[in-house]
Amino acid sequence: MASNQNLKELKWVLQEIKSEGLNLQSISFYLSQPVSAAKTARFTLRDLEFHRVEWELEEVRNLGILLEDNSNIKQVVFRRNRFAGKCLQELCGILKRNRVIKEIMLSESNLGSVGAGLIASALMVNHSLEELQIWEDSIGSRGAEELSKMIEVNPTLKLLTIFDSNAITATPLISAVLARNRAMEVHVWSGQNSGKTSKVVEFVPENSTLRIYRLNHSGSCRVACSLGMNLTVKSLDMTGVRLKSRWAKEFRWVLEQNQTLQEVNLSQTCLKDKSIVYIAAGLFKNRSLQALNLTGNWFSGVGVEHLLCPLSKFSALQSQANITLKNLSFGGGRTRIGRDGVAAILQMLTSNQSVSRLGIQDDESLRPDDYVRIFKSLEKNASLKFLSLQGCKGVQGETLLQTIMETLQINPWIEDIDLSRTPLHNSGKTQGIYQRLGQNEKSEPETDLLKDMPLTEPKSCRVFFCGQESAGKTTLCNSILQNFSASTLPYLEQVQTMVNPIEPTVKGMKIKTFKDEDTKISIWNLSGQHEFFSLHDLMFPGHGSASFFVIISSLFKKPSNKELKSTSEIEEDLQYWLRFIVSNSKRAVQQCILPSVAVVLTHFDKINQPSQNLQLTVNTIQRLRDKFQGFVEFYPTVFTVDARSSASVSKLTHHIQKTCKTILQRVPRVYQLCNDFIQIVSDWRSENYNKPAMKWQEFENLCQVKVPPLRVRSRHDNKERVEMRRRAMATCLHHIGEVIYFNELGFLILDCEWFCGEVLGHLIRLNVRKQNSLENNGFISRKELEKILRVSLQGPIPGMGSKVFENLEASDLVRMMLKLELCYEQDPSNPDSLLLIPSMLEEGRGKPQKWQLSTPECVYTGRHLECHDSSHMFLTPGFFPRLQVHLHNRIMALKNQHGATYSLEKYLISIGINGIYVRVELGGQLGYYIDVLACSTKNLTETLRVIQQLVIPAIQSLCHGITLTEHVIRPECVRNLTPPRYRKTQIVSLQLLKQALLSLPADSMYDYQHTWSPVSDSGRPILRAGFDFARDILSDDDFREVLHRRYHDLYNLSQELQVPPESNGQDHSLALSEEAQSVEPSIGGIAKGVEAVLHRLKIIEQEIRDLKQEIQGLRYYEHRLLLELHHKVNYLVSFNVQVEERKVPNMFYFVRTENYSRRLVTTMISGMTALRLHMLCEFRGEMHVVEDQMGCELMQVDNRAVKSLAPHLKNFMKLITFALKIGAHIAAGMGEMIPDLSKEVAHLAGSSALVGAAAAGAVGVAAMGCRNRAAESSRDTRQDLKAAQQWVLDFLRERRCSSGNDIAEKFGLWRVRYRDTGQISWICRRHIHTRSTEITEVPI
């Protein structure tokens, strides 16, 4: 190693570089000029640093050669260098070509704007440099602009550091980085003449933070413009930068367009009111900003009012404009909040649902009472968690301290309150506040606050006035109210009641309320117009609420004339309402007491003297009382009144008072809190301008502030449980009639009369058809319906239309219509589902009716569903629209509904599915039955299955509390679509028809005829008398049920006798065998076999003296046959013919393919085509069909195949298929011995009728026994099996499928040997895995 003196010799260093004696990584040159020897530097060199070097052109070129030869140099630093002539240009040319250098720093090298431009042009081409630093070289604004152009096209530069004498250089640089969304770290410094240096701009992409320390006004505006579409900045800090309204105007556009900016700090930026207005305008459309700091600015209460406007709601129907801003701070010594600002803060805190942090700092303008109002407003705020009042001078006084403690008692969501540097904190009085905040953090013990609450008698009862239009309900209601207080009615109504003899017809429901001591009685005047009837179901009381029904009927047809109603008309009127009450009371979940009913006959004053007709009416009412005894509590006295006279209705008034008190004593008790809540709701309405509706959020706030048992006491409480209690309270108020509340709607109706008259009155009369031109079979989109609602409920003259939209939105009305069942969703799971509006449907009863197809092959059938107790109940008006949508949804959910059609009329549903056309009609004046008619090209069984498995279950699922009985409609009525008034007598009960079949001998069942009576109209014949066979109006399923019931009846009889089997059944067996000889493997054959057995059993039943002996012989014979069946199957399964050592399976069957269906072959005939050979898995006791088996095709059956296979199929395959069809193996408990062909038979056998009753098992077994005995007498079974297996072996050889691999591929079977018996068997892959311990594979 040479001495330090030698190290100073440059030539020695160059020589060492040449000889590679030193492993250099960095070389620095001080006050020198590089020579040509520098080009010999080797590959270990990484960093070059030049200090005070004066460059000539030749040296720069040599430097270029060095950089080109060395691929490891990553950093080049020039400190206080001087570049003569074109040196800097040459250096920039080197940078353009270089692809290795990652970092260049130029410090005090007199670059100027020209040098900056040259470097910028080089970096436009160079895309490998990652860091560029220019220190203390005044590049000026022109140089900065050139660098900004470079930034626009250079995507690789990661760090840019500029130190310049003028801060203006920062503007173009940072603007280009932001506008082009470059992930480039930027640091710009500036030096003053005084020598002080300060940072101007800093952008760090790692944390997406942009900090601007010092910029002039134009620079700030330019930076703001570049932020509009920026995606890299999430946090902007401009603290201390003086800003003006022009910048705020640009920043408004940033807030509207930018989607990534989340935090903005504009503290101490001298913003005034005009600037705040621009920022607030941007917040209306902003959807990303989460934190905004505006402390230390110069705006006033006007600015605060605008700032908080997008964060506030000024109406229950208004949506909060900005819901993303969570953190907001403002205040300062020069911020004057004032009265307008306080009002804006209160409005924001009361209505805002998103801001979680609010800071009002160093304020000097607010007084202690302003802070009291602020904390009072926090009682209803559930979103604010942190409140900072740091340094506010007005935070002082005992009143404020007490208010804070009360607020924290009510509001548990506040987690922290910062009161540092406030007079309250300085006086040491905030300890209790922080202690209370700590208690709010602790969870309260899990106790049911409602469980131990006292129960009390309810104080509210509803009286429902039911009656048809112009019955005098409204006038009667007013007269009853006059009996309590004449001042309760307005003067004009009193005058009109006295002088107007013709009562005005009131549209919609009206509710009048009055007090009787401490009991509140409300009279609900149900509208008599038919269009309102569908709403009556909804208003019906349930869950044991206190209610009383007064049915009002006029003695005259119209109030304007003196034509009396007939007795039948009055009876029909009263009967409708009685059936309405009974039907709805059955639907109620809880019916504690029978509904109380009283009857009132009005316009009695117009009758001059008692008439015989009046006495007949009274007698009719007496009959109705007897008829409905046990369904309602009918008051024996009928009230006859003049509805206009208070004296005339005094007895009725007294009865209502007395009955209401009696009912209140009998209905279930309610929580005391429920009665108290009535007054709380009343007070809330008084404080809120008598609002008729309350949003659910307002109800929650009311519970939190006014009702301690329904208050969330800690932010860690089980909020779901408290929410559940609040909903239970709202539901309780709904049941007692104080509010109208539905869980799905999100609001409560406090003014029931306004709701029933103003809202429902408009909705029920809504003429959607007139305004909707794009009809879709009764369906309409949700948006279109909302548009129609706005047009209908807002009058053409401002201020003259309905005031519904002052309290409810159009979307609220749509949800309400859905809940009230004025419309229905086509697909409830789809929020944009089409809606069905029944009022849009046309009335089709006057149109000619016909089927869509009419051919001689068509099958016609029908079912009549009638209320089991139609004299007391009916299907209410809201039922059929519900069915129209429910049935539509069920059909569209079917997997095989391809091509299904569905059309609607007002009282009709038309369905077409898979060639079956169904009509569902609502019938009867009071809607007490439904007819389901069908026309089909399918058979009767398949047609009735659609009705019984799809339509009828849909109907029954909507009939809560009402039982429907099923009747069969005369097929001729269905074919001709006979009007309902004529076919109502052409029905027969399905159960009665089945009972009639059961009462017949077995041989008469299929020939049973049902006779239909004739129908005529005024002597003109409509339908002639006729008959239909039972088999033509009942499905196979219905007949099978009858056969099952017959067999089980006789089987149970034999079980009761407990006769032991004897051995004397030979004679009986011969007789039964002869009958079984005619059994064929078909539906008809099995049916005949079933008839034979049933006929035999019927003879046994009739010959009662020989019953024991006959049953004993039958049971003995059945036992013999089942044992024989067991023996035969066991023999076939275990038989092991040594046909070349079982090289192929021997359990096979054939399948024939026809019209895309597959059928099992049981008889082999020469000339048969398109057969496939399949093999069974032969595992002992678990034989089954191999799924997805390919099989082997047999093109045509020749004589040799028939000769070899027919005996086997006759014995083995018939045995299997009969056993499966008739269920003999199930009856005998021999399922393990029969191959599991159930999956195959399900789609091969074709008809469901193949699955017979267990009773048919005896026939099948008898047939097997007979045929097996005949076969055994003619030839040996072993020879049959051997011949069949030899044919299979030869057939597979011809098809080149004789190896083990071929059989595995075609049939999915492998050859194995049982370890215990040594027998060979062919089994499937599943058994090979699951029974591997019992077998050993024996490949061929």
Side-chain angles (χ1 to χ4, degrees), residues 856-866 916 918 931-949 951-952 964-976 978 983-1015 1023-1050 1082-1099 1101-1102 1247-1256 1259:
E857 296 80 15
C858 285
V859 172
Y860 298 93
T861 185
R863 290 294 184 264
H864 173 91
L865 304 177
E866 186 175 316
I916 300 175
V918 180
D931 284 344
V932 184
L933 315 177
C935 169
S936 169
T937 56
K938 310 284 185 179
N939 59 47
L940 179 63
T941 297
E942 293 183 17
T943 305
L944 282 174
R945 278 181 180 170
V946 172
I947 294 177
Q948 292 171 339
Q949 297 178 11
V951 180
I952 293 180
L964 297 178
T965 57
E966 187 174 348
H967 299 72
V968 178
I969 301 177
R970 183 176 180 177
E972 185 179 353
C973 294
V974 180
R975 181 174 59 251
N976 300 327
T978 305
R983 68 172 182 249
K984 62 183 178 181
T985 60
Q986 303 297 296
I987 60 174
V988 58
S989 170
L990 181 61
Q991 292 303 319
L992 291 179
L993 188 58
K994 291 179 179 179
Q995 289 293 339
L997 289 174
L998 286 171
S999 65
L1000 295 173
D1003 56 356
S1004 302
M1005 284 186 176
Y1006 282 89
D1007 297 328
Y1008 175 76
Q1009 300 173 356
H1010 180 77
T1011 304
W1012 306 104
S1013 61
V1015 177
L1023 291 169
R1024 298 181 182 275
F1027 68 88
D1028 283 296
F1029 287 104
R1031 61 175 178 265
D1032 293 334
I1033 58 178
L1034 294 180
S1035 67
D1036 292 348
D1037 299 330
D1038 293 326
F1039 249 104
R1040 189 176 301 110
E1041 180 186 345
V1042 173
L1043 299 180
H1044 281 200
R1045 288 174 60 183
R1046 168 66 64 81
Y1047 170 76
H1048 285 296
D1049 289 343
L1050 298 177
S1082 63
I1083 301 176
I1086 295 171
K1088 290 180 180 179
V1090 172
E1091 285 187 44
V1093 172
L1094 294 178
H1095 179 62
R1096 184 65 178 166
L1097 292 176
K1098 188 65 179 178
I1099 295 174
E1101 182 183 15
Q1102 292 172 352
S1247 174
S1248 61
L1250 294 179
V1251 183
V1259 182

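None of the values given here were measured: they were computed from a predicted structure.
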Exercise: identify the closest heavy-atom pair between Leu933 and Ile969: CD2-CD1, 3.5 Å
Tyr860 and Val974 have their tightest heavy-atom pair at CB-CG1, 4.1 Å
With rounding to the nearest 0.5 Å, note down the distance linking CD in Glu857 to OG in Ser936. 11.5 Å
Would you say that more than 12 heavy atoms from the other residues, nucleotides or ligands in this model lie under 6.0 Å from the NZ of Lys984, or not? no
Asp931 CG to His864 NE2 distance, which is reported to the nearest 0.5 Å: 5.5 Å
With rounding to the nearest 0.5 Å, note down the distance linking CZ in Arg970 to OG1 in Thr861. 14.0 Å
State, to 0.1 Å, how close Glu972 and Thr978 come at their nearest heavy-atom pair, and which atoms those are. O-OG1, 4.3 Å
Give me the atom names and distance for the closest heavy-atom approach of Leu1034 to Leu940. O-CD2, 3.3 Å
Minimal heavy-atom distance between Glu966 and Ile952, with the atoms involved, is OE2-CD1, 3.8 Å
Would you confirm whether Arg863, through its side chain, and His967, through its main-chain N or O, come within 3.5 Å as a donor-acceptor pair? no
Between Arg983 and Cys973, the two heavy atoms sitting closest are CB-SG, 3.9 Å
Is there a side-chain contact between Trp1012 and Val988, using heavy atoms and a 4.5 Å cut-off? yes
Would you tell me whether Thr941 and Ser1035 have side-chain atoms, one donor and one acceptor, within less than 3.5 Å of each other? no
Would a 4.5 Å heavy-atom cut-off, applied to side chains only, mark Val1015 and Gln986 as touching? yes
Are the side chains of Leu865 and Thr965 in contact, using a 4.5 Å heavy-atom criterion? no
Do the side-chain N and O atoms of His1010 and Asp1028 include a donor-acceptor pair separated by under 3.5 angstrom? no
To the closest 0.5 Å, what do you measure between CZ (Phe1029) and CD (Gln1009)? 4.5 Å
Distance in Å, Tyr1008 OH paired with Asp1032 CG, rounded so as to fall on 0.5 Å steps: 13.5 Å
Sidechain-backbone polar pair: Thr937 side chain, Cys858 backbone, donor-acceptor under 3.5 Å: no
How far does CD1 of Ile916 sit from CZ of Arg945, to the nearest 0.5 angstrom? 10.5 Å
Is any side-chain heavy atom of Ile1033 closer than 4.5 Å to a side-chain heavy atom of Pro971? yes
